[in-house]
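Below, chain A is the first sequence line, B the second, and so on; all start at residue 1.
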Amino acid sequence: MAHNHIEVKLRRFRIGTRLSIGFALIVAFMITLVILGIASMNRINDRLESLATKTTVKIWYATMIQDSVHVIDNAILNMIVARDEKITMMEYVRVMTARKTYEGAIETIAKLEYTDYGRDILQRMQQGLGESRRENGKAIELARGGQYRKAAGIFLQTSRTTGASVRQVCSELVNYEKEEGNASYLAAAKTYRGTSLVFVVMGVIVLAIASAAAVLLTRSITAPLKQGVHVANRLGSGDLSVEIDGSGTDETGRLLKAMKEMAEKLKKLSEVEHQLVQSQKLETVGRLAGGIAHDFNNLLSIILGNTQLMKMQNPKAEKVADRCTVIESAVMRASDFIKQLLAFSRRQILEFRPVRIDKMVREFEKMMRRMLHENIEMRIATHSSFASVKIDTAQINQVILNLVVNAREAMPDGGRLTIETDLVVIDRDFCSLHPGAKAGTYVVLSVSDTGTGMSRHVIENIFEPFFTTKESGTGLGLSVVYGIIRQHGGFIDVVSEPDRGTCFSVYLPYTSEGIAVAPSSTGEGLVKGTGEVVLVVEDDKELRETVSDLLRLLGYSVHTASDGEEGVRIFTERCGEIDLVLLDAIMPKKSGFEAYGEMNAIRPEVPSIFVTGYNTVHGGNSNGDTNGTSVIQKPYSIELLSRRIREMLDQKNKETPVPVLSVNMKEA
Amino acid sequence: MALIRRTFLVSFLCFLLVSHSALCSSSSGSELRGAGATFPQPFYETLFSIYQRQNNIKVHYEGTGSGEGLRQLVSKTVDFAGTDKIMQQNTSEAGSGEVLNIPTCVGAVAVVYNVPGDPGLRFTPDIVADIFFGRIKRWNDPRIAAVNRHAALPEIPIAVIYRMDASGTTFIFSEYLARTSKEWNDRIGKGTSLTWPTGQGAKGNPGVAGLVRQIPGAVGYVELVYAIGNKMTFGFLQNRSGRFIAPSVKSVTAAASIDLSARNDYSLTDTMVADGYPISGFTWITLYREQNYARRSRETAENLVNLLAFVIHDGQKQAPLLHYAPLPKSVRRSANRLLGMVTHSGIPVYKNKK
């Protein structure tokens, strides 16, 4: 770890700087070592030299003292023996010189002497010399006075013995100095050994530091390069999840940083790619769903038509009629599922109808319950009673479904789901707090849960396409919800608290339009034809036959065509007799719309009805009857078909009263 | 018992009194004290020893060097100072009174050396200067060899020994060098204490003699008596006349045999005399002219003047025995005149004028 830490710190500098510092350090170490070496060698040398000098000098001076004492003895002896005044005088000069010599010598030794024992010897020597000087002085004085015999007596009696003792102390001093010198030399040699050991240790330390520095330096360069190679390899193999440490500020750090940025850009790119694939996938699924829905609607139309034919053809058979009714309702339910599928694929036809939302919610309750697990309690509270909104029921159902699913996902451990409706008036103040809201009266539909809640960040992004917090989510749910609500002229509001829950409120504009009474599939009667000629253009053979049978039963005369081309041909051939064209919107060769165009060019007064499983051309506009056309969605009931045909025909011949035959199925 | 004890006590008290008076008045009675130059010390000690035996007056003379002697005279611890350099009146401390410099004898400064084989070497003044400058480092130097063709010169280094104390000998020696070498005059000059360019110091003439004797290759300068007394070899020096002269009573006497009335400093160095040894000089005893100072008695003053009269008259015959040159007659006369100037409370002390 420490290694890494140092390495990271090192990487604050450039490689060049690092190398320079490293080399400079090594050079500095070397220089230090050399300087220290020279210094301590000098120190040892000086020490030894001074030691040698000191010892030599001390020994020399000690010898000098011995010599001086000897000279003095010799001089006095000469005086006594020669018995000559002049010799006495000259010998006295020798004595004086010798005295001065030993005085100087003692002074010098005293300066160099630092041991107590050495000083003690010196002191004893000085005492002895003083004593001998006094004795000698007496002898010399007597000799000067010519009393040579007396002088000899004193000299032989006392001064010789004191001289001898002084000489002994001198030799003691010499020996001591020699010993001392030896000991000092040994000590110096020890210091030398110690110093050389210090040098070896220092050398090892310097070597270790230099090696460590070299390793660190090399590692600080190679390790990031290695990482760079590794990263490049991983990136090359398409693995963008590789972790890149771009913390260094040196060259490699910058390289890694660039790589990191590149990887991040690639990651973003792949994300976009993923999103694109996802949306393409959805598109494909949508197409597929649309195609299936088309065929499925055809099948359902056949089933429904034949069931209704069966009912009509066997008016007496109540049991058959009952069964047929069951089939009819099953078909209608299946049709609803198809619609949901289409809603997902966005190929639905938006049918805005004034709806009482309370009622709608209640009707949707069963579906919602199916979506929820048992551990979730669902509560529905409707307060908007009679207020209605102009909506596409299927889409709003999808919205509710989406919100319910979301709520369920937010409560993995169970909880309570509440669906509420209310009628609210929104003022400007509210609008200022909620961008996208407009003042007015709204019906609010809220879905709240007691789940995990969301963070602020999540809330801000929740309606973004492809934003998801779920691992398997497509991120489309709430964006679709948002799109649908905007299409309805409403807005959506989210309140969420982490660990407390979330409440989505969907605001839909209130409408004062009355509720269109949905024509009852069975309650209303059949509107019969009066022998008008209807051209049925339908590529599905079975459906074509079923529709033909139904129309014939309703009292129409029927021509059939299996595709657009044929339809146009028959229409041209029997131009005058055809009163109405029933066109399947999607057909091979020529589509319903193309065929209609051509027919319209020939005889514009002939009305046309498009039958469609889904409608992309007229998406979102099913009610607008333009230029004598109408759209019917598959599967259609016979009642709807009869009524629509009648309407079209009546519109065409406004002046012609059309007899409306109310057929009571049961009665029939 | 009691009587014996009392007697003992009295005698002890008496002893104390006597010893006290002896300690207090070192200059009173039969004792004189002097200190200073070692240059004439053997001469003085010999004379004082004789004088003591004849007159029962004890004279202590301590060879401390000229400088220290004069200092002790000024601080009144001694009765007289021995010096090889005249004490100038203006350099003495104010209030100490006029001093008199009595010449006592003439001595020679010998250049002594310790060279194996004891060759008698010749020196020119510039060689001496360069040896003491430290420029000539070995005995076999070509310049030494040039003037000593027949001498076997060993290849050993020259060790210069000089006087470390304030010394009149140094003054005479440096005066000689300053006179013969302009560089020495400019760089070192003359004086009792010098900053020596090289070498090792020693105290007093005996100190230098001892060191030179002990160190092979050493060279130094001492009064002739120390050189001869210690059986040391000394050099022949080239004088102004170009002759190589060895120091001796004869060559020193020759050097001193000049008309000294022409010069007031009594300097004899670098003599013009053809037979004269070039490094010789007078040595002096310095004393206060007015002796009544520091409660000194008239008797002490008389004793001192009598001692000095003995030195300049009767003592002179002892000088040659110790290789000093006696004072020339004219100098002896002026010395005698100076002694006559010594007073005690203004009254002259010297009576038996010759």
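Around CD of B:Q54, the count of heavy atoms belonging to other residues, nucleotides or ligands within 6.0 Å exceeds 12. Shown here is A:Q168, whose CD atom has no more than 12 heavy atoms of other residues, nucleotides or ligands within 6.0 Å. Counting heavy atoms of neighbouring residues, nucleotides and ligands inside a 6.0 Å radius, atom CG of B:N56 does not exceed 12 of them.
Here B:H323 contributes atom NE2 and A:M90 contributes atom CE; the two are 4.0 Å apart, rounded to the nearest 0.5 Å. Distance check: A:Y61 OH to B:Q214 CD gives 9.5 Å after rounding to the nearest 0.5 Å. With rounding to the nearest 0.5 Å, the separation of OH in A:Y92 from OG1 in B:T46 is 8.0 Å. Within the model, atoms CG of B:L321 and CD1 of A:I87 stand 11.5 Å from one another, a figure rounded to the nearest 0.5 Å.
Within residues 229-237 of chain B, the residues approaching chain A closer than 4.5 Å by heavy atoms are, in numerical order, B:G229, B:N230, B:K231. Contact residues of residues 93-105 of chain A toward chain B are A:V93, A:R94, A:M96, A:T97, A:K100, A:T101 (heavy-atom distance under 4.5 Å).
Two residues are said to be in side-chain contact when any heavy atoms from C-beta on lie closer than 4.5 Å; A:K86 and B:Q318 fail this criterion.
Looking at B:A202, there are no atoms closer than 4.5 Å to chain A (heavy atoms on both sides), in backbone or side chain.
The choice from B:G63, B:A209, B:S49 that makes the most heavy-atom pairs within less than 4.5 Å of chain A is B:S49. If you tally non-hydrogen atom pairs under 4.5 Å between each of B:Q52, B:K203, B:R213 and chain A, the highest count goes to B:K203.
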